[in-house]
Amino acid sequence: MRKQKQDLLKNVCFFIFLTTLIHRVFADDAAIMAELAKGLSPAPPGWNNGPPCKWPGVQCDPSGRVTSINLISKSLTGQLPPDLNKLSSIQSLNLQRNQLSGPLPSLSNIATLREVYLDNNNFTSVPPDFLSGLTSLQTFSISENPNLLPWTIPNSLTDSSGLVTFSATKAKIVGQIPDIFGSFPSLQNLRLSYNNITGGLPWSFANSGIQNLWLNNQDVGFSGRIEVLGAMSQLSQVWLHVNKFSGPIPDLSECKALFDLQLRDNQLTGVIPPSLTSLPKLSNVSLANNDFQGPVPSFPRGVQFNLGDTNSFCNTSPGPCDPQVTILLQVAGALNYPSNLASSWKGNNACQNWQFISCDTGSVSVINFPKQNFVGTISTAIANLTTLRSLIMNDNSLTGPIPDSLTSLTKLKTLDVSNNNLSGKIPAFAPSVTVKTSGNPFIGIVLPPSPSPPGTTPTTPGGTNSTPSSTTNASNKRKRSVPPWVIAVIVVAAVIGLVFAGFIGYRRHVKKPGDKYKWAKGSEKKSQKGEADEISRDSPSQMDTEGSDFHVSDSSGVAIPIDVLREVTNNFSEDQILGEGGFGIVYKGQLHDGTEIAVKRMESSLINKKGLNEFQAEIEVLSNVRHRNLVALHGFCINGNERMLVYEYMPQGTLGQHLFNWQERGIPPLTWKQRVSIALDVARGVEYLHGLAQQSFIHRDLKPSNILLGDDMRAKVSDFGLVKSAPDGKYSIETRLAGTFGYLAPEYAATGRVTTKVDVFAFGVILMEIITGQKALDDAQPEERAHLVTWFRKVIVNKDEIKTCLDPSLKPDEETFQSICKVAELAAHCTARDPHQRPVMGHAVNVLSPIVEQWMPSSNDEEENFGIDLDMSLPQALQRWKASEGKFTNSDLFTDSSTAFTRTPQVPSRDTSSFSQTDGQR
Ligand SMILES: *[C@@H]1O[C@H](CO)[C@@H](O)[C@H](O)[C@H]1NC(C)=O
Ligand SMILES: *[C@@H]1O[C@H](CO)[C@@H](O)[C@H](O)[C@H]1NC(C)=O
Ligand SMILES: *[C@@H]1O[C@H](CO)[C@@H](O)[C@H](O)[C@H]1NC(C)=O
Ligand SMILES: *[C@@H]1O[C@H](CO)[C@@H](O)[C@H](O)[C@H]1NC(C)=O
Ligand SMILES: *[C@@H]1O[C@H](CO)[C@@H](O)[C@H](O)[C@H]1NC(C)=O
Ligand SMILES: *[C@@H]1O[C@H](CO)[C@@H](O)[C@H](O)[C@H]1NC(C)=O
């Protein structure tokens with residue numbers, strides 16, 4: 001009984017399955033076709049009986065599926081069935097030139113559909129999923145359906161990646177053209193005339209192969225610039241007339257096939273570019289009813305052109321404009337030809353009622369356009385207006401530099417460019433010129449590599465906001481490096497600052513011998529408070545935070561929004577302060593993903609030109625150097641007057657804290673192994689800094705408070721401001737000097753000349769501090785011990801005496817003592833009085849790495865060279881050093897600077913000889 005039931009069920013199921021199958025294969029298309037026929041009136045001839053595949057205008061594939069319907073110009077009325085997309089094998093649907101009406105059916109997901117013609121009908125609406133999933137679509141036409149409800153071009157059109165033609169003139173399209181044209185590599189025809197589309201041209205046009213572009217006669221009108229045309233190299237016919245396009249005609253020299261360009265009845269401005277008049281195929285141009293300027297264009301014979309009579313050309317026939325007019329048009333050009341200048345700057349006499357221009361006896365003497373919302377740059381051509389007295393451009397959105405050539409304007413009295421967004425250095429104007437540059441946050445500093453080259457406008461006024469990534473392709477990729485003058489300024493400032501500082505130090509030293517280290521020590525304390533200064537890690541990391549979309553990547557040129565920093569530091573709360581340095585305050589922050597960071601916030605008093613240079617210098621240096629023993633910058637923040645640098649938080653603080661303050665901090669003293677390992681890390685970092693292939697950097701401020709430690713007690717060198725003396729005034733110079741004084745190489749203190757060997761000297765001092773646990777300058781010590789270098793070098797002449805100067809916490813066994821002696825020798829070598837006798841940093845690496853390896857042989861797998869230092873062998877160096885040892889005294893070092901100077905008369909400003917030798921080992 002039960003079994004019978006089951007069999008019956010099985011049979012029923014099978015029957016249903018079979019009928020479904022038959023229905024699917026044979027009946028479905030027939031049913032839809034019957035529905036279609038029923039809806040049309042009159043019924044198309046021959047569509048009354050028999051299988052649809054036999055109907056006139058219908059084609060099927062061998063399995064009986066409908067592949068094509070052709071009902072062109074059959075005077076049909078009626079409506080289409082809503083489930084037309086069940087014709088799932090159809091490839092071609094041709095219903096054009098009838099009076100079909102009613103809602104259009106969805107065509108979605110007909111994967112076979114290649115061409116659809118619905119044009120010249122009377123359809124009333126477009127369904128929401130009308131064009132999605134049409135993966136084979138090549139041609140689509142819905143033009144001339146004037147009774148459609150307004151609809152927009154759907155983004156789902158991107159499914160049709162083989163699209164060649166999209167025609168929708170007079171089709172009631174509204175909204176903007178979506179920026180999806182990167183999806184249609186084969187697109188040739190885009191016809192959207194007579195709709196109500198607004199907004200600008202999408203930048204993805206630049207990647208397309210569009211040849212026919214019809215966008216004319218929109219109800220309200222397209223707006224924005226037509227710049228992207230210059231990157232549409234396949235264009236042949238461009239109809240943009242009767243819209244609200246503005247701005248100039250771009251360089252069209254790439255559009256070699258362009259024959260028809262209709263631009264009339266817009267609001268275009270600017271000089272007609274020669275690239276237009278010289279287009280090889282050009283035959284039909286309309287420019288009438290715009291605000292074009294400059295010379296009347298001269299088209300070759302055979303070109304049919306329409307210039308109208310409402311443009312602002314300087315003449316009525318071709319030929320150059322008056323020189324002053326030419327120059328002023330260049331000024332306008334640098335501002336992207338603003339429309340108010342175009343409508344006022346007409347004719348060939350700039351002194352005749354030109355807005356913003358004043359003249360003295362026919363010569364332009366004043367350019368005065370404050371607060372005009374102008375976007376662009378200051379044209380270098382202004383320098384040709386030799387009679388100019390006053391140039392007022394304040395409160396606009398000008399970017400780029402103030403041209404140097406403006407300094408040649410001998411009559412110039414006033415230059416006001418305040419409250420713009422200018423950058424670069426301020427040219428050296430004569431004292432008689434009143435120069436106002438306030439309110440330009442970037443002036444006086446050089447920006448990090450920026451994606452938009454100067455002179456191009458980052459956004460299109462009134463147009464789309466997407467970036468012209470493909471149009472400025474080449475220029476985008478060009479990265480700007482630090483201009484040589486920045487480096488020059490930094491070096492010069494450093495040298496001047498240090499010579500001055502050295503002089504003060506020398507004077508104080510001589511004046512008050514009993515008090516000699518006091519001021520230095522006070523400042524040293526101050527800088528130790530800020531020991532948590534810079535902090536980081538080598539590896540690039542991502543710091544995605546909720547609600548913001550910035551990444552921290554390998555490039556440190558990452559601008560981080562101030563809101564993010566404000567949030568993660570709890571609005572720069574006092575609780576988050578890690579330390580205070582000469583630069584400003586360092587805050588700890590924690591991102592949403594838990595990443596800890598250190599934020600160095602520049603003190604507002606330091607935000608002057610030099611301070612900004614220093615800020616910039618640190619960004620530039622850290623952008624150029626990558627090494628696991630150097631801090632890496634996560635990013636920076638520039639916001640109004642705020643300047644911040646963001647590093648990773650280094651949890652173990654500074655070497656200084658571990659060497660000198662471990663007791664008060666309740667942490668164990670460093671073991672000798674840890675100390676040597678830290679020394680090696682520092683040596684490697686500095687060696688890298690010195691020996692970069694292209695550029696070498698001199699740290700100039702190596703000291704334990706600039707050496708930061710991670711949880712593994714591996715060290716990184718930090719603080720690359722290089723020129724820390726930035727602001728004027730005694731205080732900061734003293735701070736600078738104090739921070740460096742105990743570590744200052746004698747020739748550096750005496751002459752301010754700086755080579756990589758000043759870092760080697762400072763490194764030697766750090767080694768001494770590591771060995772002795774005593775600070776470089778410590779007036780708590782007896783007089784003869786207060787200056788570490790002098791005392792240490794005296795003591796270690798006799799190896800047995802070394803024991804007397806060791807850090808009491810070390811308590812070395814014999815093996816450790818042997819390695820301490822090696823490091824002590826290295827320290828002495830590094831602090832040789834003659835810079836030429838000091839080794840290069842690579843030598844220090846070579847001495848220290850076997851010592852470290854002794855304990856941690858495996859940790860060196862990834863380490864780089866153990867090459868031989870060609871500069872000088874250690875025994876050789878020691879011998880030389882010992883030979884001069886006896887003569888070396890404290891007074892020699894600091895008070896007898898004139899002899900120090902004469903004995904090393906020529907210290908090259910960069911120690912190239914040692915670079916090339918170490919480079920050779922790499
Ligand atoms: C188009 O449809 C509208 C109503 O939907 C009708 O009033 C009009 O007459 C139709 N036009 C043509 C040419 O069929
Ligand atoms: C065109 O669209 C705008 C809105 O963008 C609307 O205000 C205007 O009425 C439309 N024009 C026509 C003729 O439909
Ligand atoms: C040029 O364009 C105008 C307007 O579109 C048209 O009337 C004229 O026939 C065209 N001339 C040629 C030579 O294509
Ligand atoms: C401006 O001066 C420069 C150099 O003196 C010259 O090359 C250029 O042609 C001048 N431009 C105009 C528009 O006079
Ligand atoms: C000013 O210029 C800088 C760089 O050129 C840019 O990042 C910033 O967005 C600009 N600010 C404004 C308000 O335009
Ligand atoms: C963009 O850059 C690529 C490669 O650098 C180049 O082949 C292409 O021609 C460039 N395109 C434009 C529009 O400049």
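For ligands, and for the atoms within them, numbers begin at 1 and follow the listed sequence. One is the number of the first residue; the rest follow in order along the sequence.
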Exercise: identify the closest heavy-atom pair between P52 and A30: CG-CA, 3.7 Å
Within-cutoff protein neighbour (heavy atom, under 4.0 Å) for atom 7 (O) of ligand 2: no
Where ligand 1 meets N147 - atom numbers and elements under 4.0 angstrom, heavy-atom basis: 1 (C), 2 (O)
Nitrogen or oxygen of N196 less than 3.5 angstrom from that of ligand 2: yes
Test applied, side chain to side chain contact (heavy atoms under 4.5 Å, CB included); reference residue, L100; option that passes from N122, T77, L95: L95
Axial cation check for F259 ring with K281, 6.0 Å and 45° limits: no
Protein contact for atom 4 (C) of ligand 2 (heavy atom, distance under 4.0 Å): no
Pairing residues for K74 by the side-chain contact (heavy atoms from CB on, under 4.5 Å) criterion, not counting sequence neighbours: L71, L76, N98
Enumerate donor-acceptor pairs with a distance under 3.5 Å from any side-chain N or O in residues 126-136 to protein atoms, sequence neighbours excluded.
unit_1 : atom_1 : unit_2 : atom_2 : d
D129   : OD1    : S106   : OG     : 3.1
D129   : OD2    : S106   : OG     : 3.4
D129   : OD2    : S108   : OG     : 3.4
S132   : OG     : D129   : O      : 3.3
S136   : OG     : A111   : O      : 2.5

Contact check: N122 vs ligand 1, nitrogen or oxygen atoms, below 3.5 angstrom: yes
Atom 14 (O) of ligand 2 touched by protein (heavy atom, under 4.0 Å): yes
